[in-house]
Structure formats: C-alpha cells, structure tokens
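Keep in mind that what you see is a predicted model, and the values were worked out from it rather than measured. Numbered from 1 within each chain, the chains take letters A, B, ... in sequence-line order.
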Amino acid sequence: MRVRFAPSPTGALHIGGARTALYNWLMARGTPGATFVLRIEDTDRERSTPENVEQILDALRWLELDWDEGPVSQFERADRHAEVLSKLLADGRAYRTTATADDVKAYKAEHGSDRGFRGQDEGEGAIRLRVPDEGETAWDDLIRGRTAFQHVHLDDPVIARADGSVLYNFAVAVDDLDAGITDVVRGEDHISNTPKQLLVYEALGAEPPRFAHLPLLHGPDGKKLSKRHGAASVQELRDAGYLPEAIRNYIALLGWGAADDQTVISTDELIAQFDIAKVQKNPAQFDEKKLRWLNGLYIRSMTPAELTERVEAFTGRSGLAEGVTISQEKFATLAEFWPLAGFLYDGPTDDPAAREKWLGADQRANLATSRERLAALDSFSAEHIDATLREQVERGDAKPKDVFQPLRVAIAGAAVSPGVFESLAVLGREESLQRIDIALAGSP
RNA sequence: GCCCCCAUGGUGUAACGGUUAGCACGCGAGCCUUUCACGCUCGAGGCAGGAGUUCGAUUCUCCUUGGGGGUACCA
C-alpha cells in the first residue's frame with residue numbers, strides 16, 4: 001500500500017488538512033510495509049513558495065506525522081507531464097482548442113444542460129481531454145460506496161494551458177500513477193475532480209487507485225471552517241498551547257469512532273484501530289471546547305518532569321518544575337500556565353479588583369498574623385505552612401478564606417492561583433514575607 | 001441554474017430491522033474544597049418531516065425540508 005498526502009501550500013496547515021494527513025498516516029502506519037508519501041500539489045508558482053511549503057512541513061513535523069518519501073514538487077515533473085500530454089494528443093485522447101469558459105457556457109446554453117461540452121481539435125490553444133459521450137465514470141469510494149458521474153454531465157476538462165503548463169486534475173493523476181499510489185484519501189471537495197482524474201487514468205490505460213473522500217470540517221456556525229472561527233490551522237492550535245498528541249486524538253474522532261466508542265485513544269491504538277471504511281459521511285464541526293478538555297486530560301496524565309519540559313519549551317523559560325508541579329491539574333493548555341503561575345517567577349500580577357476585595361483594612365489583621373506565623377516557622381514546607389495557617393483559622397475563629405485569600409492575593413496579586421501553601425513553599429520564606437510586607441504596606 | 005453528497009440531543013459519535021436509543025464534550029444541580037481547577041454523584045436534552053416495505057423501522061426505499069461540496073486555461 002502506498003498512500004500520499006498532497007496539500008496545496010497556501011501557507012498554513014488547515015485543521016481539515018491535518019485530519020486528512022492524519023488519516024493517510026494512520027492507514028500507512030497501520031499497514032505493514034505501507035509507504036506514506038508526501039507531495040506538494042500546486043501548479044501555481046506564486047503560491048508554491050519555499051516558505052509556504054516549509055510551513056506545511058513544519059506543521060506536519062510538529063504533529064509528529066512523519067513521511068517515508070518526499071516531499072516531491074509537481075514542478076520537478078514538468079518534462080514527464082509534457083511527455084504524457086503529447087502521448088494523449090497522439091492517441092487522440094486529448095485535443096487542442098481555443099474554446100474558453102465563455103464558449104463552454106454558450107455551448108451549454110445552446111445544447112442544454114444535459115450535454116457536456118465537446119470541442120474540435122484546432123491544433124492550438126489549451127489541451128482538453130476527450131470525455132466519451134455515452135456512459136459514466138464511477139468508482140467504489142472507500143467511505144461513500146459507489147459514486148458515479150454521467151458523461152453527459154461532464155465537460156471536456158482542460159488539462160493543460162495554452163502555454164503547455166499542466167492543470168491540477170491532470171498533474172495529480174499522472175503523479176499518483178507514477179508514484180504507484182494505491183489509496184487516495186482526501187476531502188470531499190475533490191469528489192467532482194475524481195471522474196476527471198479517472199478519465200486520465202483510463203486514457204493512459206492505467207489502473208486507478210482506490211479513493212476515499214472525507215466529509216469536510218465545519219466551524220461552530222455550520223459553515224466551512226475558516227479563520228473567522230478562531231484557530232483554524234494547526235499552527236494556531238500550537239500557539240494556543242495544545243499538545244500534538246491531544247490534537248491527533250481529537251481530530252481522529254472528527255468523523256470516526258473507535259469500535260468500543262473510546263474517547264481517549266493513544267496514537268498507537270489509533271494506528272491499530274483506525275479503519276477508513278468506518279469514517280462518517282456527514283460533515284463534522286470542530287469543537288475547540290472538547291479539544292481543550294482532551295488537552296487538559298493529556299496534561300494531567302503526564303509526569304511532572306515531562307510536563308515541565310513542554311511548558312518550558314512553550315514559554316521559553318527554564319526552572320519551572322516546581323510551579324508546574326503545583327499547578328498541573330489547574331491548566332488545560334500550555335498557554336494557560338503562565339497567567340496562572342507566572343507570579344511565582346516574575347512577581348505578583350496586578351489585579352486591582354482582587355486587591356480591593358481581599359486586601360482591605362479589615363483583612364490586613366489576618367494577613368499580619370499569618371506573616372508572624374510564617375516568619376516563626378522552622379521549616380518553610382507546604383506541610384508546615386498548611387499546619388500553622390490552619391491553626392490560625394481555628395484559633396482566630398476566622399473563616400478559612402479570610403485567612404487564605406488575603407495571603408493568596410498578597411503573594412500572587414490575583415484571586416486565582418495554585419494552592420497557597422504550595423505557592424508559599426515554592427516562593428520560599430524570604431520572598432513570601434517580602435511580598436506580604438509590601439501588601440501590608442500598600443494603600444487601602 | 002446544473003451535477004453530486006449528507007441528515008441520531010447544542011457538538012462529536014454508538015447501536016445484525018426488535019435496546020428504557022448508549023458514550024464523550026458542553027450545559028444545570030449537588031458533593032469535595034483556601035481560590036481556580038481536578039474528581040465524584042445526579043439531571044435536562046436526540047432519531048428533521050411525510051409516505052412506503054415489514055409482524056416490527058433510528059436502521060431499507062421514495063418524496064419533502066434542511067445543510068454541504070462542485071460547477072476555472074485554481075488547487
């Protein structure tokens with residue numbers, strides 16, 4: 001088996017594209033001896049810049065979807081395309097015509113919509129493939145079953161421009177054929193391209209690959225997923241602090257479900273269980289909330305050491321182990337760590353509302369008492385801090401939060417943070433007391 | 001306009017034609033609790049509509065409605 005992922009390099013790897021890549025990859029990795037081929041499919045030189053191509057590769061690498069061959073660019077194959085073109089011309093399977101899109105429209109207006117455009121060989125102009133008048137072109141789609149297009153509804157497709165440069169529908173077919181691709185898995189926006197490509201195979205007397213057309217991904221409004229739905233590319237997801245393994249897990253489930261309806265599935269299990277034939281036919285909506293939940297689950301299941309490594313790579317900071325350890329179950333994406341625990345390293349954040357609510361004149365008494373108790377502690381461990389502050393609560397008949405919240409705001413600057421005892425212990429006695437003193441000295 | 005496709009709660013999905021239609025996210029309530037989370041318990045919410053086939057349709061067929069894709073000398 002040889003499967004390929006052939007994105008058009010428009011700059012970013014769309015989530016739908018990422019899912020297509022993942023499904024291809026899962027098929028290849030789940031089949032012994034299979035090869036996963038990467039090819040850049042774009043006949044437009046403007047768009048196919050090295051930067052754009054590199055962005056796609058970068059996103060795939062980040063998702064940890066490795067490939068066995070490629071990437072091959074279509075432009076490297078111009079000679080081969082020209083060769084196939086002249087063969088088709090010589091065989092009478094294609095012809096040159098100056099007919100334009102307007103001519104096609106006029107032709108249909110004249111002959112009715114149930115008659116596809118058929119041109120005459122004029123010896124110049126663009127090259128069109130001859131479509132038979134009768135019959136149909138059909139294939140057995142791995143996902144949607146038998147799919148057929150009547151030839152009478154098909155116009156003779158242009159396969160090369162007048163200048164000789166090839167068009168997508170011709171190029172993919174030739175490239176897939178030469179690469180020995182056995183399975184083509186792509187979005188259903190390619191369905192109507194399939195008969196054209198099949199006709200190229202047919203004209204060449206070649207055996208076509210199997211096709212599987214995935215339903216498209218929609219945004220929360222039911223429309224095609226795009227920029228205005230927030231994160232729509234894997235680059236954006238990465239920047240938002242999602243983990244590649246969580247993304248793989250989540251997007252695998254967008255249109256496909258494991259036999260036992262499992263929600264949390266490791267990549268190894270995915271490889272073992274994934275079955276392209278079980279993919280849903282209807283479009284799925286991308287739901288970032290569920291991704292976030294799943295991401296949090298993956299974050300919580302990591303060892304503190306692993307998670308620290310991820311957080312440090314994401315934030316570009318080091319020495320975060322203690323902060324990560326005490327806040328592991330409180331953040332769901334890597335990006336959420338710093339707003340939550342950054343105060344441990346860069347000083348208290350500034351939340352005026354929190355200060356106003358918890359550091360008023362009447363709360364300072366509790367804070368002052370806490371300061372004395374903390375200063376008197378032999379060991380500044382979370383355990384000892386816990387013990388002495390709870391003792392303060394009991395003795396002073398204060399509510400727990402009247403003791404803990406002012407302290408939290410004093411050291412963190414915000415009303416939300418990891419546990420106070422743990423946070424104090426991470427900060428250490430000196431830093432903690434200093435922050436408390438500043439809070440006590442602040443204006444009411 | 002024409003061609004093609006799709007249809008289980010808000011979302012993703014499960015269910016040999018026979019189930020009180022299951023699971024997960026989200027949502028609501030409660031428990032836990034120093035904040036926020038996590039965790040646990042409970043709850044609300046669905047087979048788009050109509051015919052037909054059948055002893056029996058979420059499941060098969062047709063129609064309607066709704067949604068999507070394509071319709072380039074783009075990919």
Side-chain angles (χ1 to χ4, degrees), chain A residues 6-10 41-44 46-48 74 97-101 104-105 108-109 112-114 116 125-128 141 143-144 147-150 152-155 157-169 171-172 187-195 213 215-216 218 220 222-224 250-251 253-264 280-294 296-297 300 327-332 336 340 354 358 386 389-390 393 399-409 412 414-421 423:
Chain A
S8 166
T10 47
E41 203 67 57
D42 202 329
T43 54
D44 183 345
E46 298 282 300
R47 201 147 51 171
S48 202
Q74 209 172 71
T97 174
T98 58
T100 62
V104 172
K105 232 177 251 173
K108 299 186 85 115
S113 60
D114 57 344
I127 302 177
R128 285 185 189 262
D141 198 282
I143 292 172
R144 48 195 72 223
T147 310
F149 284 79
Q150 300 301 313
V152 290
H153 294 309
L154 259 31
D155 298 325
V158 175
I159 55 176
R161 301 179 180 94
D163 67 4
S165 60
V166 294
L167 259 39
Y168 170 76
N169 281 125
V172 255
E188 77 172 7
D189 48 338
H190 281 288
I191 279 197
S192 59
N193 286 330
T194 308
H213 289 93
L216 265 19
H218 289 171
K223 297 275 169 54
K224 202 172 169 179
Y250 177 69
I251 64 180
L253 260 22
L254 243 30
W256 174 83
D260 58 357
D261 217 4
Q262 222 181 320
T263 305
V264 183
Q280 206 80 8
K281 294 187 194 72
N282 51 316
Q285 285 186 24
F286 176 73
D287 178 13
E288 195 170 339
K289 279 188 175 169
K290 189 158 185 176
L291 206 212
R292 185 174 178 279
W293 166 79
L294 202 51
L297 206 95
R300 272 171 260 129
S327 45
Q328 181 157 10
E329 57 182 35
K330 295 175 186 293
F331 62 102
E336 290 168 19
L340 177 75
W358 296 106
D386 185 332
L389 291 179
R390 286 191 193 282
V393 168
K399 285 182 183 163
K401 67 174 162 187
D402 290 328
V403 172
F404 300 135
Q405 280 302 81
L407 245 184
R408 183 190 312 281
V409 176
V416 174
S417 80
V420 233
F421 315 138
S423 297

[X] [atom1] - [N] [atom2] separation (whole Å):
X      : N     : atom1 : atom2 : result
A:D287 : B:G10 : CG    : P     : 14 Å
A:N169 : B:U71 : CG    : C1'   : 12 Å
A:I251 : B:C25 : CD1   : C1'   : 17 Å
A:N193 : B:U71 : CG    : P     : 7 Å
A:I143 : B:G69 : CD1   : P     : 17 Å
A:E288 : B:C25 : CD    : P     : 17 Å
A:H218 : B:G10 : NE2   : P     : 18 Å
A:L297 : B:G26 : CG    : C1'   : 15 Å

Stems formed with participation of RNA chain B [Watson-Crick or G-U wobble, under 3.5 Å, three or more pairs] |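 The stems that RNA chain B takes part in, listed by first number, are B:1-7 with B:65-71, B:10-13 with B:22-25, B:27-31 with B:39-43, B:48-52 with B:60-64.
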
Report the residues that fulfil side-chain contact (heavy atoms from CB on, under 4.5 Å) with A:V264, sequence neighbours left out, ordered by chain and then residue number.
->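 Applying side-chain contact (heavy atoms from CB on, under 4.5 Å) to A:V264 gives A:N249, A:W293, A:L294, A:L297, A:Y298.
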
Kindly write out the residues that satisfy side-chain contact (heavy atoms from CB on, under 4.5 Å) with A:V158, not counting sequence neighbours, or none if the list is empty.
->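 For A:V158 the side-chain contact (heavy atoms from CB on, under 4.5 Å) partners, ignoring immediate neighbours, are A:A126, A:R128, A:L167.
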
Rounding to the closest angstrom, what is the interatomic distance between [N] and [M] at atom [atom1]?
N     : M     : atom1 : answer
B:C40 : B:U59 : P     : 36 Å
B:G12 : B:A7  : C1'   : 15 Å
B:A24 : B:U61 : P     : 32 Å
B:U11 : B:G49 : P     : 15 Å
B:G28 : B:C36 : P     : 15 Å
B:G69 : B:C31 : C1'   : 49 Å
B:G18 : B:U13 : C1'   : 23 Å
B:A29 : B:G67 : P     : 34 Å

Distance-minimising heavy-atom pair for A:A354 and A:A415 =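 In terms of heavy atoms, the two residues are closest at CB-N, 3.7 Å.
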
Would you say A:Q262's side chain and A:A258's backbone share a donor-acceptor pair under 3.5 angstrom?
->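 Between the backbone of A:A258 and the side chain of A:Q262 there is no qualifying donor-acceptor contact (under 3.5 Å).
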
Is a side-chain donor or acceptor of A:Y250 paired with a backbone partner of A:D287 at a separation under 3.5 angstrom?
->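 The answer is yes, because a donor-acceptor pair under 3.5 Å joins these two groups.
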
Could you tell me which residues satisfy side-chain hydrogen bond (donor to acceptor under 3.5 Å, both in side chains) with A:D141, sequence neighbours excluded, listed by chain and number?
->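 Counting only residues at least two positions away or on another chain, A:D141 forms a side-chain hydrogen bond (donor to acceptor under 3.5 Å, both in side chains) with A:W139, A:H213.
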
Listed by chain and number, what are the side-chain hydrogen bond (donor to acceptor under 3.5 Å, both in side chains) partners of A:T97, not counting sequence neighbours?
->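 Testing A:T97 for side-chain hydrogen bond (donor to acceptor under 3.5 Å, both in side chains), a comparison that skips the adjacent residues, returns A:E122.
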
Could you list the residues that satisfy ring pair (Phe, Tyr, Trp, His ring centres under 6.0 Å) with A:W256, not counting sequence neighbours?
->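 Counting only residues at least two positions away or on another chain, A:W256 forms a ring pair (Phe, Tyr, Trp, His ring centres under 6.0 Å) with A:F274.
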
With sequence neighbours excluded, tell me which residues meet ring pair (Phe, Tyr, Trp, His ring centres under 6.0 Å) with A:H153.
->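 A:H153: no ring pair (Phe, Tyr, Trp, His ring centres under 6.0 Å) contacts found.
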
A:H190 vs A:Y168 aromatic rings, parallel, tilted or perpendicular, using cut-offs 30° and 60°?
->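 The rings of A:H190 and A:Y168 sit tilted, inter-plane angle from 30° to 60°.
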
Hey, mind stepping through A:L407 and A:L389 against side-chain contact (heavy atoms from CB on, under 4.5 Å) and telling me if it holds?
-> CA-CA 10 Å; A:L407 245 184; A:L389 291 179; 3.5 Å; yes

Sugar-phosphate or base contact per nucleotide [[range]; S, B, -; heavy atom under 4.0 Å]:
range                        : answer
nucleotides 1-9 of chain B   : -SSSSSSS-
nucleotides 32-38 of chain B : --BBBBS
nucleotides 41-47 of chain B : -------

Applying salt bridge (charged side-chain N to carboxylate O under 4.0 Å, His left out), name anything that partners A:K108, two or more places apart in sequence or on another chain.
->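 Per chain and number, A:K108 pairs via salt bridge (charged side-chain N to carboxylate O under 4.0 Å, His left out) with A:D155.
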
Among all residues two or more places apart in sequence or in another chain, which pass the salt bridge (charged side-chain N to carboxylate O under 4.0 Å, His left out) test with A:R390?
->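 Here the qualifying residues are A:D386.
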
Nearest to the side chain of A:L216, which nucleotide is it out of B:G69, B:C73, B:A24?
->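 Given the options B:G69, B:C73, B:A24, the side chain of A:L216 is closest to B:G69.
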
Is any side-chain heavy atom of A:T194 less than 4.5 Å from a side-chain heavy atom of A:F149?
->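 They are not in side-chain contact.
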
Less than 4.5 Å apart, any side-chain heavy atom of A:P215 and any of A:N282?
->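 Counting from C-beta outward, A:P215 and A:N282 never come under 4.5 Å.
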
Residue closer to the 5' end of RNA chain B, A:A284 versus A:L291 (nearest nucleotide) |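 Closer to the 5' end of RNA chain B: A:A284.
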
Whichever of A:G255 and A:V104 has its nearest RNA chain B nucleotide further upstream toward 5' |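 The residue whose closest nucleotide sits nearer the 5' end is A:G255.
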
Remember a base hit wins even if backbone is also touched, and classify A:T194 as base, sugar-phosphate or nothing at under 4.0 Å, heavy atoms.
->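 Nothing, no heavy atom under 4.0 Å.
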
So what does A:A99 touch, heavy atoms closer than 4.0 Å: a base, only the sugar-phosphate, or nothing?
->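 The answer is base, as A:A99 lies within the cut-off (heavy atoms under 4.0 Å) of a base atom.
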
